[in-house]
Amino acid sequence: MMASSYSAKDEDGHITVTGPGGAALRSKKPENTAFKQQRLPAWQPILTAGTVLPAFFIIGLIFIPIGIGLFVTSNNIREFEIDYTGVDESSPCFNCSQNFSWNSTQPCTCSIPFSLEQSYENNVFMYYGLSNFYQNHRRYVKSRDDSQLNGHLGSLKPSKECEPYAKHENKPIAPCGAIANSMFNDTLELFYNDPNGTKILIPLRATGIAWWTDKHVKFGNPGDGLNLTAEFQGTTKPVNWRKPVYELDSDPLNNGFINEDFIVWMRTAALPTFRKLYRIISRKDNMVPTLLRGNYTLEVVYNYPVRSFEGRKRMILSTISWMGGKNPFLGIAYITVGSVCFFLGVVLLLIHHKYGNRNNSADISN
Amino acid sequence: MFRKRFPPEEERRVRANDREYNEKFQYASNCIMTSKYNVITFLPVNLFEQFQEVANTYFLFLLILQLIPQISSLSWFTTIVPLALVLIITAVKDATDDYFRHKSDNQVNNRQSQVLIRGSLQHEKWMNVRVGDIIKLENNQFVAADLLLLSSTEPHGLCYIETAELDGETNMKVRQSVSVTSELGDPNNLFSFDGEVVCEPPNNKLDRFCGTLYWRDKKYTLTNQNMLLRGCVLRNTEACYGLVIFAGPDTKLMQNSGRTKFKRTSIDRLMNTLVLWIFGFLVCMGVILAVGDAVWEREVGSLFQSYLPWDPPVNNFLFNAFLSFWSYVIILNTVVPISLYVSVEVIRLGHSYFINWDQQMFCSQCNTAAEARTTTLNEELGQVEYIFSDKTGTLTQNIMSFNKCSINGQTYGEVTDPLGPQAKRLDFTPFNPLADLDFCFYDDTLLESVKVGDSHTHKFFRLLSLCHTVMSEEKSEGELVYKAQSPDEGALVTAARNFGFVFRSRTPGTITTTEMGRPVTYTLLAILDFNNIRKRMSVIVRSPEGRIRLYCKGADTVLLERLHPCNQELMNITSDHLNEYAADGLRTLALAYRDLSEDEWEAWSESHRCADKASDCREDRVAAAYEQIEQDMMLLGATAIEDKLQEGVPETIAVLSLANIKIWVLTGDKQETAVNIGYSCKMLTDDMTEVFIINGHTVQSVRQELRRARERMIELSRTRDGGKESGMEGWGEAYFSGNGLRGGQEGDGTESGGGGGGGGKPPQCPPPPPPPPPPPPPPPSPPSNLMDNVSGEFALIVNGHSLAHALEADMETEFVSTACACKAVICCRVTPLQKAQVVELIKTHKKAVTLAIGDGANDVSMIKSAHIGVGISGQEGIQAVLSSDYSFSQFRFLQRLLLVHGRWSYLRMCRFLCYFFYKNFAFTMVHFWFGFFCGFSAQTVYDQYFITLYNIVYTSLPVLAMGIFDQDVPDHRSLEYPKLYEPGQLNLLFNKKEFFICITQGIYTSVVLFFVPYAVLSDATQSNGVPLADYQTFAVTTATALVIVVSVQIALDTGFWTVINHVFVWGSVGCYFSIMLALHSQSLFRIFPNQFHFVGSAQSTLLQPVVWLTIALATAICIVPVLAFRFLKLDLKPQLSDTVRYTQLVRQKKRKPAGRSVGSAWRGVGMVAEGRLGARGGSRRSGYAFAHQEGFGELITSGKNMRLSSQALANFASRHSSSWIDTLRRKKHNHTHTPPSASGECSPAPSCVSGSLPPLSNSSSVLGGSQETPIEEETVPACDVQPVPAVSTKTHPAAAAGPESAAPPGPAQASSSSVLGSSAVRCHGGDSPGGWTLSLGSVQEALFGWKGFAGRSGASNSQGLPPVAKETSHIE
């Protein structure tokens, strides 16, 4: 391949060069603008001791109080956690966890007693927690059809992302996909064991546990949502479900795709150990703590198998502050970072004082 | 272009007027194709080419991977959008380029030429010209192909050509046809011509042709003298006929034009290496994660199948892991995003525009701005180590001007006061109507002398008007045009013309002049022609009165030997003048005459005739005859011709050498000329330790000369090192290793006569604080190693024929090691191809970045083969420009191109790359960490839109703005401190180490960005109790933290915050939030529910205080260590640029006008004090008609070329105001610097030996010192340290122990110049800013005007410091 760059124009050099007497004698002088001459006014920051060291101290001084505040707040939060998987033979749920089948019609129940050392003020939030459950697995995360969940049953053809939970017995599954199929379906009930021996059922609120956008935007029942049974005609329930989606709740506003338990489940967790909001125990009045100190019983309808993959199930009770639930890490991290910054500031100051070039310090002193 | 390949030709047979016969050989036609595509082939070929780029193929591969659902971890659009964009942009660019190539090809191919077909001349397009055709050329036409000259309209079959396009030489050349064909005057005769030429196959040797013409059973030898080569222009010849021998691609021009290589910068190559490394890294990550996946799927995934079954084709964990590997390759590919290449191109384009827009590289005389013709090489401009320069037209203007003369012991032409009022240019017209208006001369005493009729002056000019081989042409009365074969002669004859001795015309036997208005005709008796050995020429003329006189002009060395003894006194004076002229870099000639009696003439004439007719040893006998008559001459005087340098050449060379750039001059000119220019542009100086000339004609002799030169160098530097140099070396080391400002401060406890006031303090030499180490025994290392450490200033001059040997494979290394130890290398008589070879040699052996600069077609090959080619858009056509990467019109713009634009580009590119790799690692590696928590499933951490937009939108503009606009120091500072250029040459700003630092930082950031949100969010809940650890919240938090961290990082990296930077940085962050909110908005979700899964996430996440606290925490953890590290680096080990920048800041803060005025006043003093240093025993450089060729005398006397056409080409009178000459002169003798090397040990202050100009030679340390010097100490009261003695690097250990021991010991690292600077600071700059200006001023002074101060401190040395003075002389 001859890739000579010889150019014919070259030979014309003498001829085509327009002399100064050329007709179109226009100065080709570049414009004298600050931009073109790279003289734009500019701020030229330099990391001098005068700017860096104070920055360290300021960061330190800001972070430490925040950290202390966070730490104190976090410490004031009450949290109680109980594992009810039933791994140990001694565990009340051991039996339920042992004989499990997705299709058993006979629900297995177990009750776990526990006691709260402190009384819980304000609203108490009840979570279920799962461990070793990979809701963040790529194949799991994508295995859903947001269009369907939004109420577009449309052609009754779920997205192929739902495979292999898209169709069952030639009927489209509603809701399709692995996420929906594996929905958590234990039922948890909480009883207060009155010192006088009675078991009082604590009322649990099942609404208000999902994101507002999820409930009102992202999820929607097909049609007008009045006659769900009819709307879901032609679809089938997910393989693992015991009842179809339109029978999740009796409340029409919390049924079908907009059932909040369902929505909460569908919001996949980022990490394999996670908790999801299950119920809210609302405060009744200001005088009485929501949950009194004392003994309680957790009644579990044990439907959800986790032992096959060495998962764990937990129930968590927690109060909430302005910054959310118990979170000691944040406070400690802030205090640490703040202290390190402060310390660094001191060290750098010393180094600068001892070894740094004097001119910079001269500058600082000015 | 896809010509069929034939076995290589062994010889070429061409029969004239016989197309059939010639077609048998299938010689290339005269059609030239430089284009690559046509309409049909464009798409496939171009795509094919583009996918030869590894990057493009790689992304295509990724794209294919993404289409496989089991693997696809990202949507396809994340790759295809940028890839398509890149491909389209490149294709459009290629198409435009090729279109223009087509156009120019067509233009050339369709040129008309007259071809003799069937006995008549027909117009044919160039491309239809065939080998064997006879074509007719007319005056001023380009030669269409390589022709054998058959006949011309001129007598004797002569014709004249200009070969500027071919070899850059502007003087005309004569070609002559073989005598038998020269008679074939008209087409009919030519048609019957059926000679056959047998010759060598096509080659690229411009000066050689070897062939034989068979015609009518006779053989005629053909040489280059009979050839007209394509690219030449026919001049002064009405028409000529030629036989096409080589056509199209076979022509010597095309064979010489070489292949276009796609030039890549070293950063490019590094980048490609790094990309490969990253690719390897990516594979490693993929493998790690795939192994993880295998383990996970086996241990966990298989159990988890009831919830999450494997995708249908997958049936075991290994296959799953295999797929996972590819999935990870896809999501981790963002470590090398395709936007890297696009961004790099954009940045380079921006830099190119800045070069195009630079007003300071605009030449108003030629109305040309600098042009970056290639947009891909800018950052390499910041790394140049070798410059290869053409001479004519590049360093010089190729204008000779009669500058000075010495007549009878009286020198003329000196402009008395350099600072005085601008001398008036003499106006010759009233005195002499025939004067050339372009001629410049300023000394009116000479004109007076002519007017009063001084006989010596008259003889002097009469000689100039008679003794030459110039042709004249007078179109109308008084309108004289001289056609000189060498511009020197033209200048001399023009000078004579203006001073009243006008050469009017000549015939073979007469010369007609007008002397002081009176026409005189001399009989020309003989021309004793010039040749290289004689170095002189003479004419013998008979005046109308009948006196016979020999006029001789020649190199002073030969001429002065042949003078009559009575000239002794005059000779001494003239000799002094000659020295003076030579020291000024002028080309000198001595003039003499001899009166001959009739008898003498007769006798000699007879002997000459005898010699001429002798058959054997004719040359020698003629020379002897010449020798015989050129004796006992009377000296008339001497002339000095200035080969006008381009503006600012010496200064530019000085600055560039201070920047540690080595400059080689490669010229087609003669050795003498080249050396002369070397002196006048201060590449060579009389202070040089030794100048080696390699002149051998055989391999052995060249090898021997090279070896001798090396031995001598080692020997010399060893003697020096053995002596006090070792001490110096220690000094140098201590000096250079002294970090940053502190060294300077130590150094400035000294004082010499700086400032306006201080002239009197004699610099003294205190004993050096650390005793100089004992001379290290010369290590017994191989010569090549030794050569690296050679100290001293050497220069190497290599002749073309020696170079040919030196470039042979087995001698290459020897040549390189010798040449690279020299400060200056000049290669003369170099062919275009040799130029390229030399460049290639350095490229391969030195691994250094080379830059070639030239203006002529002969420089094209060199321009193409160098890393960077610069074309001077001058008078010599535009071929060099067309093949160059950068072009401008003045050599001096080179310093701005390199030191300002190149440096900036390099800096910006490096910063850009560092940041770019950082940000992508920070971005991508989060996926890696996340892999351990998501079952190695290649789940991305971020929203796919974030991944798509991260590199294109969220983080691209701030880093682009930095890459385009960033400046560490302003432009004038980088010119003031050429040392700032060094990091680029040493490749300090972006190399593998820097790269590792970047990616380490990136990985650290990614760790923080993943684990901080992980730790915080895993248990955190919103204030309404909803857990925060859902995937979408986590994604939004991490992404936001990432954007904020990298924005803070770019804010830290940006050193020059223009409005644009502000807009881009803040804009990007703002953009991120708005785009994210938009993408997470309900309205988009309602339209495409399946595409926007993240609906509502942004709003709900960003309302959480915990999220913001997390982001703040992550940012702090990421940035604080960086901040601390950078601060420490800046505080403890500042780079020169940091220092300069810092001083800038200080100066801005406290600007006081007083300082500046003091500085300039001081500078003024420096200028005035600068005396004439020229009288040093300069090596005299005789300048006999350098471009002269032998044989013109013969042509004249034979009358062959008496006809001259109207072409007015040679106009050698000076056209420019000489004001700049003054400047030049003022600044002369200043540039005896050594390029200081980075470590200091490599350049152990060679000044010591070159010692005749002590402070000058320290200039290297001046600049080295400037690194340390410029920060004044505001806190120190002014003037309190004056008595601290000056420290001179020249301090001899022994001497230092002497009288100065009483002096307070001062740190001795600073050179005297920097001492001066800093002392000035102390004195005037009690308030800092003034001092600062001053110290800068002094540095500047050191650069350009240190002569005055040199003189001063030299003087003070001798007065106040005997030991030093003694030593200086000792060294000398």
Side-chain angles (χ1 to χ4, degrees), chain A residues 2-11 13-14 28-30 32 36 38 40 42-44 46-47 52 125 134 136-138 140-141 146-147 150 164 178 182 211 213 217-218 267-271 274-275 277 308-309 320 322-325 327 329-330 333 337 341 344 352 355-357 359 362, chain B residues 1 34 104-105 107-108 142 254 257 259-260 303-304 307-308 354 357 359 362 367 369 741 877-879 882 933-935 937-939 1015-1016 1018-1023 1025-1027 1029-1031 1034 1056-1058 1082 1089-1090 1095-1096 1100 1105-1106 1113 1116 1124 1126-1127 1130-1132 1145 1271 1274-1275:
Chain A
M2 196 191 78
S4 160
S5 81
Y6 169 83
S7 157
K9 268 201 288 184
D10 306 1
E11 284 186 306
H14 282 290
K28 293 177 192 153
K29 187 165 188 171
N32 187 17
K36 290 190 172 181
Q38 306 195 60
L40 283 177
W43 173 54
Q44 304 185 40
I46 307 178
L47 296 180
V52 175
F125 295 82
Y134 285 81
N136 58 3
H137 197 281
R138 177 168 58 87
Y140 190 85
V141 170
D146 275 339
S147 180
N150 196 24
S182 59
W211 285 22
T213 41
V217 180
K218 199 169 181 182
R267 177 156 289 277
T268 54
L271 300 162
F274 59 90
R275 61 169 78 170
L277 188 54
S308 62
F309 57 92
I320 288 292
W322 60 271
M323 51 155 284
N327 196 357
F329 174 81
L330 199 57
V337 171
C341 279
L344 257 181
H352 175 71
Y355 305 103
N357 64 64
N359 296 82
Chain B
M1 73 186 194
T34 56
S104 71
D105 280 352
Q107 196 198 343
V108 163
F142 276 103
M254 294 298 291
S257 63
R259 278 152 198 273
T260 321
L303 307 172
F304 199 57
Y307 293 111
L308 183 62
F354 281 132
W357 285 334
Q359 271 198 320
F362 172 77
N367 194 24
L741 304 169
I878 53 170
Q879 203 174 338
L882 286 175
F933 296 88
C934 68
S937 59
Q939 173 63 26
V1016 176
S1018 57
D1019 286 331
T1021 59
Q1022 293 189 0
S1023 38
V1026 177
D1030 68 285
Y1031 169 70
F1034 190 81
F1056 194 76
W1057 284 81
T1058 61
Q1082 302 172 17
N1090 258 343
V1095 57
S1100 102
V1106 176
L1113 182 68
R1126 294 217 173 156
F1127 171 71
L1130 207 66
D1131 202 40
L1132 300 180
L1145 180 84
I1271 313 302
E1274 296 94 330
T1275 47

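Residue numbering restarts at 1 for every chain, and letters A, B, ... go by the order of the sequence lines. It should be emphasised that the depicted structure is a prediction, and the values quoted were computed from it without experimental measurement.
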Keeping the roles fixed (side chain from A:N327, backbone from B:V1016), state whether a donor-acceptor pair exists under 3.5 Å. yes
Considering all heavy atoms, the nearest A:A178-B:L308 contact: CB-CD1, 4.3 Å
Residue A:V52 versus chain B: region with a heavy atom under 4.5 Å: side chain
Contact leader toward chain A among B:P1089, B:A938, B:S937, where contacts are heavy-atom pairs under 4.5 Å: B:S937
What part of A:W322 gets within 4.5 angstrom of chain B, counting heavy atoms only: side chain, backbone, both, or neither? both
Which one, B:F1034, B:W357, B:F933, leads in non-hydrogen pairs under 4.5 Å with chain A? B:W357
Can you name the nearest heavy-atom pair linking A:L40 to B:T1058, along with the distance? CB-CG2, 3.8 Å
Pair A:Y140, A:S182: side-chain N/O donor-acceptor within cut-off below 3.5 Å: yes
Under a 4.5 Å cutoff for heavy-atom pairs, which residue among A:F125, A:W211, A:F329, A:F274 has the most contacts with chain B? A:W211
Region of A:N32 in contact with chain B, defined by heavy-atom distances below 4.5 Å: both
Heavy-atom proximity to chain B below 4.5 Å, by part of A:F309: both
As an exercise: rank B:G935, B:A1020, B:G1025, B:G1096 by heavy-atom pairs under 4.5 Å with chain A and give me the winner. B:G1025
With a 4.5 angstrom heavy-atom cut-off, could you sort out which part of A:L344 is near chain B: side chain, backbone, both or neither? side chain
Taking every heavy-atom pair that is under 4.5 Å apart, which of A:I46, A:T213, A:L330, A:N136 has the most such pairs with chain B? A:N136
Let me confirm one number: the CD-CZ distance from A:Q38 to B:F1056, rounded to the nearest 0.5 Å. 8.0 Å
Tell me, side chain or backbone of B:Y1031 under 4.5 Å from chain A's heavy atoms, or both, or neither? both
On the 0 to 90° scale, with breaks at 30° and 60°, tag the B:W1057-A:W43 ring pair as parallel, tilted or perpendicular. tilted
What class does the angle between the rings of B:F1127 and A:H352 fall in, given that below 30° is parallel, 30 to 60° is tilted and above 60° is perpendicular? tilted
